[in-house]
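Here the structure is laid out as structure tokens; the discussion comes afterwards.
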Amino acid sequence: MSALNLYDTATREVGVFTPLKSGEVSIYVCGATVQASPHIGHIRSAVNFDILRRWLMHSGFEVSFIRNVTDIDDKILQKAAQEKTPWWAHAMKYEREFTAAFSALNVLPPTYEPRATGHITQMIELMQILIDNGSAYAPGNGDVYLEVRKLQRYLVLSGQRIDDLMPAADTDGAISMKRDPRDFALWKAAKPGEPSWPTPWGAGRPGWHLECSAMAHTYLGESFDIHGGGLDLIFPHHENEIAQSEAAGYGFAKRWLHNAWVTQSGEKMSKSLGNSLLVETILERVRGIELRWYLGSAHYRSMLEYSESALDESAVAFRRIEAFLKRATEMMGELPTPIVSDAFSAAMNDDLAVPTGLATISENLRTGNQGITDADHVVVSKSASEIRGALGILGCDPCDSHFEDKSGNDMTHAMDGVVKLALQERASARERKDFKASDAIRDGLLALGITIEDTAQGPRWSIMEKS
RNA sequence: GGUCGGGUGGCCGAGAGGCGAGGCAAGGGACUGCAAAUCCCUCUACACGGGUUCAAAUCCCGUCCCGACCUCCA
């Protein structure tokens, strides 16, 4: 089997992935700033990195997966003030929404999920190092800045030059205490009424995502394998993380992965544009597993142009796969064992080429369906196993216990009996060629959301999924 | 202005020098009492103009168009 190749934003090239420690992979992904409800763009990012994680685990790696929660920032304070709720209550509310959305989409919980507010000590330690070695300065107004002109390297991810950057909007001309307008805040002095934590340089709160540098260091060490996040974090968020960490002498991330957006009419989904689609809203239309299938089906570096028809089409395609697995299971009398095929592996090893991987599912689906028609157990078993194996990597295995109905009032058995009684009536009507009566039964069941299919092995019924 | 992506059939979406991924839709067919489900067949493409090459969707040059980032967006 071929080795895993991954893209690296820093080099803009796909190359062989070799972890720092053999057999182990450390990943830090920028999670949510919990200031509002999650939209499908946020969750796409989580799904993409979850697929990476599952693939690494399948490939035999021990994966440490850290995904942070930024629970203190300007927008959280601003929105909490608008809603007249304490900032921490605001943050917690949305953190729960994110957690619920992750769970609904079968995103594995991270190995650890550190919150910014729980790591102020580590941030102070980091700032102390940066001030001591001359990389950062505290001009006395309570802020702490990183001096970008002193950095050995800066803007290595975005490939820009400091002098090409547009003047920063936050410099406020003469008021600025910065040595250079491009210097950025590691720590921000508290304004009256704002929450703050004491430091040697004054009370305040984290600046440019200092928490990510501090927490990555705390849980993954000075160097780690992969840092992930959305495309829009490249600059300035990730550039600043690199600057803060490298100035402290850390090796930091060896590889950078960035996922592309979900767009609408070609435009990025964002709250400011008013075109964001909340996960909650979409889940009224399709099931979590279907939304995940949709979000995961595009290559992670490609924009995913959202439309209702594309979502619906994708859900229908997924149900076809599900229906096959169900029929295959009925035919074989047991769940197919998941097997990851060589073709699917090759696709995943090529920078997680999910779309190419999906082609292998389509091919298996076709041969598998033919196998059912031919009652060929060997063919059906192989196809079903390979499909299940691929779906498992994508986090969309319908047999995954995560997607089981946990309501506890499973009426399937009773229902099966009732429907079979109706089907017996229909069968006898068909025997006496009373198709009017037999169709009436079928239509009646259909009206209740139960579809009937006549197969060589007799009729089978299923409940239509919501759509 | 700087930086980075992208333009592939009716639609979605891979590929990155030579064998036309795959899906959806459409049309035809098989199966069926009719359906449904399933299978088979058919169709169409690489934004534009040059160039390199035996061979270009793929490499080079130029043009047009779209998008993103440029100090707190996934």
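Each chain gets a letter, A, B and so on, in the order the sequences are listed, and its residues count up from 1.
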Categorize [X] for me: base, sugar-phosphate, or nothing, with a 4.0 angstrom heavy-atom threshold over every strand shown.
X: Ser362(A); result: sugar-phosphate
X: Val262(A); result: base
X: Gly41(A); result: base
X: His258(A); result: nothing
X: Leu233(A); result: sugar-phosphate
X: Asp439(A); result: base
X: Asp454(A); result: base
X: Ser302(A); result: sugar-phosphate
X: Ala260(A); result: base

Counting only side-chain nitrogens and oxygens, does [X] get under 4.0 Å of the OP1 or OP2 atom of [N]?
X: Asn259(A); N: A74(B); answer: no
X: Thr373(A); N: A37(B); answer: no
X: Arg320(A); N: C24(B); answer: yes
X: Lys75(A); N: C73(B); answer: yes
X: Arg366(A); N: C40(B); answer: yes

Taking Gly41(A)'s backbone N and O only, do any of them form a donor-acceptor pair with Ser45(A)'s side chain (distance below 3.5 Å, no angle check)?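 Between the backbone of Gly41(A) and the side chain of Ser45(A) there is no qualifying donor-acceptor contact (under 3.5 Å).
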
Treating Asp183(A) as the side-chain partner and Asp180(A) as the backbone partner, does any N or O pair qualify as donor plus acceptor under 3.5 Å?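 Here the side-chain-to-backbone pair exists.
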
Regarding [X] and [Y], is there a side-chain donor-to-acceptor distance under 3.5 Å anywhere?
X: Tyr94(A); Y: Asp71(A); value: no
X: Thr263(A); Y: Glu305(A); value: yes
X: Thr70(A); Y: Glu211(A); value: yes

[N] pairs with, by Watson-Crick or G-U criteria that keep both distances under 3.5 Å:
N: C73(B); value: none
N: A30(B); value: U38(B)
N: C64(B); value: G7(B)
N: G20(B); value: none
N: A45(B); value: none
N: U52(B); value: none

Atom-pair distance ([atom1] on [X]; [atom2] on [N]), nearest Å:
X: Met303(A); N: C4(B); atom1: CE; atom2: P; result: 15 Å
X: Phe324(A); N: A36(B); atom1: CZ; atom2: P; result: 22 Å
X: Leu291(A); N: A74(B); atom1: CG; atom2: P; result: 17 Å
X: Leu365(A); N: A37(B); atom1: CG; atom2: P; result: 13 Å
X: Tyr154(A); N: U71(B); atom1: OH; atom2: P; result: 10 Å
X: Asp164(A); N: U71(B); atom1: CG; atom2: P; result: 13 Å
X: His238(A); N: A68(B); atom1: NE2; atom2: P; result: 20 Å
X: Arg301(A); N: A68(B); atom1: CZ; atom2: P; result: 19 Å

Taking atom [atom1] in both [N] and [M], compute the distance separating them and give it to the nearest angstrom.
N: U32(B); M: C39(B); atom1: C1'; answer: 14 Å
N: G1(B); M: U44(B); atom1: P; answer: 43 Å
N: C12(B); M: C54(B); atom1: C1'; answer: 36 Å
N: G10(B); M: A25(B); atom1: C1'; answer: 7 Å
N: C24(B); M: A37(B); atom1: P; answer: 12 Å
N: G17(B); M: U71(B); atom1: P; answer: 37 Å
N: G15(B); M: C69(B); atom1: C1'; answer: 28 Å
N: C46(B); M: A14(B); atom1: C1'; answer: 12 Å

Mark yes or no: Arg301(A) above the aromatic ring of Tyr7(A), with NZ or CZ under 6.0 Å from the six-membered ring centre and no more than 45 degrees from the axis.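 Verdict for Tyr7(A): a cation-pi partner in Arg301(A).
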
Would you kindly compare Leu155(A) and Glu313(A) by the position of their nearest RNA chain B nucleotide and give the one closer to the 5′ end?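 With Leu155(A) and Glu313(A) compared, the 5'-side residue is Glu313(A).
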
Please tell me which of Lys436(A) and Ala298(A) maps to the more 5' nucleotide of RNA chain B, matching each residue to the nucleotide holding its nearest heavy atom.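 Nearer the 5' end of the strand: Ala298(A).
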
Nucleotide nearest [X] when distance is taken to its side chain, options [options]:
X: Thr356(A); options: C73(B), A37(B), A14(B); result: A14(B)
X: Gln160(A); options: G33(B), C39(B), C70(B); result: C70(B)
X: Lys268(A); options: G23(B), C73(B), G33(B); result: C73(B)
X: Glu363(A); options: C73(B), A21(B), U71(B); result: A21(B)
X: Trp261(A); options: U38(B), U71(B), A68(B); result: A68(B)
X: Ala359(A); options: G33(B), C24(B), G22(B); result: G22(B)
X: Pro355(A); options: G22(B), A37(B), G13(B); result: G13(B)
X: Arg327(A); options: C24(B), U38(B), C73(B); result: U38(B)

Could one point to a donor on the side chain of Arg442(A) or the base of A35(B) with an acceptor on the other under 3.5 Å away?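 Yes.
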
Using a distance-only criterion (donor-acceptor N/O pair, under 3.5 Å, no hydrogens), is the base of G33(B) paired with the side chain of Arg430(A)?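 Such a pair exists between side chain and base.
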
Look at atom CZ of Arg432(A) and say whether more than 12 heavy atoms of other residues, nucleotides or ligands are closer to it than 6.0 Å.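 Yes, enclosed.
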
Looking at His238(A), His237(A), His227(A), which hits ring-ring contact (aromatic ring centres under 6.0 Å, His included) with His209(A)?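 It is His237(A), the one option of His238(A), His237(A), His227(A) that forms the ring-ring contact (aromatic ring centres under 6.0 Å, His included) with His209(A).
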
Hey, which of Ile51(A), Asn48(A), Thr99(A), Asp50(A) is the one that makes side chain to side chain contact (heavy atoms under 4.5 Å, CB included) with Val107(A)?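 Result for side chain to side chain contact (heavy atoms under 4.5 Å, CB included) with Val107(A): Asp50(A).
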
CZ of Phe102(A) to NE2 of His42(A): how many Å apart, nearest 0.5 Å?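 The CZ atom of Phe102(A) sits 9.0 Å away from the NE2 atom of His42(A).
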
